[in-house]
Amino acid sequence: MQTPEIQIAVPVPSQVRSICGFLGSYDPLHKGHEWIVAQLLEQFEFVLLLIPALHFEKTVQFPLNATFAQRLEMLTTFSKRKGKRGRPLPLAVGLTHEVLFIRLADRLHERFPSAEISFGMGNETFEKVLASKAYYDRLGFPWTAKEQARLQQLQKRIVVFGRSRNDSGFI
């Protein structure tokens, strides 16, 4: 049995109008992640916290890193928190086997056909998105004018977060 590329539990995906994917290792989930999610929830109807099945730039080694199950449990617990007026936060946790953002946007659009797909990420990850061609080359995928155009479109739908000297963050 093949694992789906993205596993998501949401009420009615076809009714979601705007979704923001936030892909990360969450090792561990920390206050910075929580702050980013709060900012994203102000801008998007739904936020999807995605854990990659594999990492390009990081080797996960237990006990130095949290296990996949521990990271999934942290995110699941976080996603069950209540928001304003005691309502559940519009969050879901997903596993993805797709870590190339252009292709991930396509997979999310398949799952959420009526939604505008966006991403939230740190400035270091944004630099990697800008270098998408190198990652395509690394995996042996062709980089064409179509991928370049898709990258330019995707860049318009990314919210980039960074750190400031006083740790208040910036968007």
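Numbers here simply count residues along the sequence, with the first being 1. Fair warning: this is a prediction, and the values are worked out from it, not measured in the lab.
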**OP:** Kindly determine whether Phe161 and Leu40 satisfy side chain to side chain contact (heavy atoms under 4.5 Å, CB included), including the steps that lead there.
**Re:** CA-CA 10 Å; Phe161 296 87; Leu40 294 174; 3.7 Å; yes
**OP:** Identify the heavy atoms of Pro113 and Ser14 that sit nearest to each other, and give their distance.
**Re:** CD-CA, 4.4 Å
Original post:
Can you check whether Phe44 reaches Val159 side chain to side chain, under 4.5 Å on heavy atoms?
Top reply: yes
Subject >> Ile36 side chain reached by Gln39 side chain, heavy atoms, under 4.5 Å >> reply: no
Original post:
Is Glu110 atom CD crowded by more than 12 heavy atoms from other residues, nucleotides or ligands, each under 6.0 Å away?
Top reply: yes
**OP:** Run the numbers on Leu23 and Thr96 for side chain to side chain contact (heavy atoms under 4.5 Å, CB included), then give the verdict.
**Re:** CA-CA 9 Å; Leu23 179 72; Thr96 181; 3.7 Å; yes
**OP:** Would you check, one step at a time, whether the test side chain to side chain contact (heavy atoms under 4.5 Å, CB included) holds for Thr125 with Phe119?
**Re:** CA-CA 11 Å; Thr125 302; Phe119 290 100; over 6 Å; no
Subject >> Heavy-atom pair with the smallest gap, counting every atom of Val16 and Ile19 >> reply: CG1-CB, 4.2 Å
Subject >> Pairwise distance OG1(Thr76) to CG(Leu91) - rounded to 0.5 angstrom >> reply: 11.0 Å
Original post:
Can you tell me how far the CD atom of Glu116 sits from the SG atom of Cys20, to the nearest 0.5 Å?
Top reply: 10.0 Å
Subject >> Leu50 side, atom CG; Arg107 side, atom CZ - distance, nearest 0.5 Å >> reply: 13.5 Å
Original post:
Say you draw a straight line from OG of Ser18 to CD1 of Ile117; how long is it, rounded to the nearest 0.5 Å?
Top reply: 9.0 Å
Original post:
Do Asp27 and Arg71 come within less than 4.5 Å of each other through their side chains, counting heavy atoms only?
Top reply: yes
**OP:** Only counting residues at least two apart or in another chain, list the ones meeting ring-ring contact (aromatic ring centres under 6.0 Å, His included) with Tyr26.
**Re:** Phe22, His33
**OP:** Determine the minimum heavy-atom distance between Met74 and Leu29, stating which atoms define it.
**Re:** SD-N, 3.6 Å
Original post:
Under a 4.5 Å cut-off applied to non-hydrogen side-chain atoms, are Leu48 and Leu108 in contact?
Top reply: yes
Original post:
Just wondering, more than 12 heavy atoms not from Arg17 lying within 6.0 Å of its CZ?
Top reply: no
Original post:
Of all heavy-atom pairs between Ala53 and His97, which one has the smallest distance, and what is that distance?
Top reply: CB-ND1, 3.3 Å
Show the atom names and distances, to 0.1 Å, of all donor-acceptor pairs under 3.5 Å that link a side chain in residues 140-149 to residues at least two apart or in another chain.
unit_1: Trp143; atom_1: NE1; unit_2: Gln148; atom_2: OE1; d: 3.3
unit_1: Thr144; atom_1: OG1; unit_2: Lys146; atom_2: N; d: 3.2
unit_1: Thr144; atom_1: OG1; unit_2: Glu147; atom_2: OE1; d: 2.2
unit_1: Glu147; atom_1: OE1; unit_2: Thr144; atom_2: N; d: 3.0
unit_1: Glu147; atom_1: OE2; unit_2: Arg150; atom_2: NH1; d: 3.4

Subject >> Chi angles and distances behind the side chain to side chain contact (heavy atoms under 4.5 Å, CB included) call for Met121, Val129 >> reply: CA-CA 10 Å; Met121 62 187 64; Val129 170; 3.7 Å; yes
Original post:
Given side chains that start at C-beta, do those of Phe46 and Leu41 come closer than 4.5 Å, heavy atoms only?
Top reply: no
Original post:
Below 4.5 Å, heavy atoms only, C-beta onward: do Lys128 and Tyr135 meet side chain to side chain?
Top reply: yes
**OP:** Can you see which heavy atom on Gly24 is nearest to which on Pro52, and at what distance?
**Re:** O-CD, 3.3 Å
Subject >> Interatomic distance, Glu34 atom CD to His30 atom NE2 [nearest 0.5 angstrom] >> reply: 9.5 Å
Original post:
Does Arg103 reach the side chain of Tyr136, with side-chain heavy atoms less than 4.5 Å apart?
Top reply: yes
Original post:
What is the minimum heavy-atom distance between Glu45 and Gln15, and which atoms define it?
Top reply: OE2-O, 4.0 Å
Subject >> Side chain to side chain, Leu89 and Lys82, heavy atoms closer than 4.5 Å >> reply: no
